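Notes follow the structure.
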Amino acid sequence: VLLFRDPPDHTRLRGLVNKSFTPRMVESLRPRIQALVDELLAGPLADGGCDLVHGFAEPLPILVIAELLGLPASDRADLKRWSDQLAVMLDGSIAAQHIGPAVQSAVQVIEYLRVHLEAKRARPQDDLISAMLGAQERDEHLTDDEILGTALIVMGAGHETTTNLIGNGALALLRHPDERARLRAHPGLIGTAVDEFLRFDSPVQATSR
């Protein structure tokens with residue numbers, strides 16, 4: 001997969017993936033992501049509160065990833081379970097007893113993704129897997145295994161990091177009420193605030209390469 005490749009393979013793969021994973025594609029997801037956020041917060045706002053991590057920060061990223069890859073939201077429970085296991089595999093200090101379940105989940109999710117890859121090959125849609133199938137550069141293309149590997153990285157590295165970022169950011173604001181008040185008074189600072197959350201208490205402290 002891309003994470004474990006060196007140049008020139010890494011350069012080729014990154015160039016091809018970049019043709020698919022564009023700022024325009026990410027921006028096009030904004031309305032749907034906003035709708036998912038509103039949906040997840042509707043209940044807690046009406047009830048007066050919830051567990052932020054379990055009720056919001058955990059389900060949101062996998063829903064967004066399903067949208068990005070063009071996978072059914074109804075498969076969220078399986079996608080979440082597989083993603084949790086894939087994230088474990090990225091941990092350089094993974095315990096031996098966790099290797100077996102992680103590998104089993106990887107096999108299951110690859111089989112699942114391969115079915116959807118073939119469906120999108122026959123009927124391309126507006127999603128990342130379809131875009132990667134169509135990516136071309138100097139007569140090169142992404143192989144099926146490279147597309148599946150990229151999808152695995154998006155699932156494994158994309159959901160837990162976002163969950164941790166939301167949780168860490170909320171905790172930082174609770175511990176620094178002056179900064180919380182400043183952000184409430186000036187919501188336009190949210191972009192800078194997210195960058196600072198990433199720096200102040202990064203959701204990834206270390207990973208293998």
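Please read all numbers here as calculations on a predicted model, not as lab measurements. FYI, side chains are in, hydrogens and waters are out, and symmetry mates aren't considered; it's all heavy atoms of this structure.
- Counting heavy-atom neighbours within 6.0 Å of Asp195 CG, excluding the residue itself, gives a total above 12.
- Note on Leu189 and Val194: same hydrophobic cluster, where clusters join Ile, Leu, Val, Met, Phe, Trp and Tyr whose side-chain heavy atoms are under 4.5 Å apart, directly or indirectly.
- A donor-acceptor pair is defined here as one N or O able to donate and one able to accept, closer than 3.5 Å; such a pair exists between the side chain of Lys120 and the backbone of Gly70.
- Residues Phe197 and Ile166 fail the side-chain proximity criterion, which asks for heavy atoms closer than 4.5 Å.
- For the side-chain contact (heavy atoms from CB on, under 4.5 Å) criterion with Glu67, the lone passing option out of Leu128, Asp127, Leu36, Ile33 is Leu36.
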Can you list, pair by pair, the side-chain donor-acceptor contacts under 3.5 Å of residues 171-182, counting residues two or more places apart and other chains?
{"residue": "His176", "atom": "ND1", "partner": "Ala172", "partner atom": "O", "Å": "2.9"}
{"residue": "Arg180", "atom": "NH1", "partner": "Leu173", "partner atom": "O", "Å": "2.8"}

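- The two residues Pro59 and Arg76 have their closest heavy-atom pair at CB-NH1, 4.1 Å.
- Looking only at distances, a side-chain donor or acceptor of Glu146 sits under 3.5 Å from a matching main-chain atom of Thr143.
- Distance check: Leu113 CG to Ile129 CD1 gives 5.5 Å after rounding to the nearest 0.5 Å.
- Residues Phe200 and Leu52 do not share a hydrophobic cluster, clusters being chains of Ile/Leu/Val/Met/Phe/Trp/Tyr side chains in contact below 4.5 Å.
- For the pair Thr150 and Met132, the minimum side-chain heavy-atom distance is below 4.5 Å.
- Leu165 and Val26 are not part of a single hydrophobic cluster, where members link through side-chain heavy atoms under 4.5 Å apart.
- Electrostatic pairing of Arg199 and Glu196 counts as a salt bridge here, judged by a charged N lying under 4.0 Å from a carboxylate O.
- Residue pairs meeting the side chain to side chain donor-acceptor pair (under 3.5 Å) criterion with at least one partner in residues 153-168, sequence neighbours excluded, are Asp84-His159.
- If you chain together hydrophobic residues whose side chains sit under 4.5 Å apart, Leu41 and Val53 never meet in one group.
- The CG atom of Leu71 sits 8.5 Å away from the CD1 atom of Ile62 when rounded to the nearest 0.5 Å.
- His10 and Pro7 get closest at one heavy-atom pair: CB-N, 3.8 Å.
- Of all the heavy atoms in Pro72 and Tyr112, the pair that sits closest is CD-OH, 3.4 Å.
- Note that the CD1 atom of Ile153 and the CG atom of Leu148 stand 12.5 Å from one another [nearest 0.5 Å].
- Counting heavy atoms from C-beta on, the side chains of Arg114 and Asp145 come closer than 4.5 Å.
- Ala135 and Ser20 get closest at one heavy-atom pair: CB-OG, 3.6 Å.
- In this structure, CG on Leu152 lies 12.0 Å from CD1 on Ile147, to the nearest 0.5 angstrom.
- Using a 4.5 Å cut-off on side-chain heavy atoms (C-beta onward), Leu69 and Met155 make contact.
- Considering only residues two or more places apart in sequence or on other chains, Arg121 meets the salt bridge (Lys or Arg N to Asp or Glu O under 4.0 Å) condition with Glu118, Asp144.
- With hydrogens and angles ignored, the 3.5 Å screen pairs a side-chain donor or acceptor of Ser28 with a backbone N or O of Met25.
- You'll find the side chain of Leu133 stays beyond 4.5 Å of the side chain of Pro124, heavy atoms only.
- Between the side chain of Ser83 and the main chain of Leu79, a donor-acceptor pair closer than 3.5 Å is present.
- Atoms CZ and CZ, on Arg5 and Arg12 in that order, are 7.0 Å from each other to the nearest 0.5 Å.
- Using a 4.5 Å heavy-atom cutoff, the side chains of Phe56 and Asp51 are not in contact.
- Atom CG in Asp75 sits 7.0 Å away from atom CH2 in Trp82 (nearest 0.5 Å).
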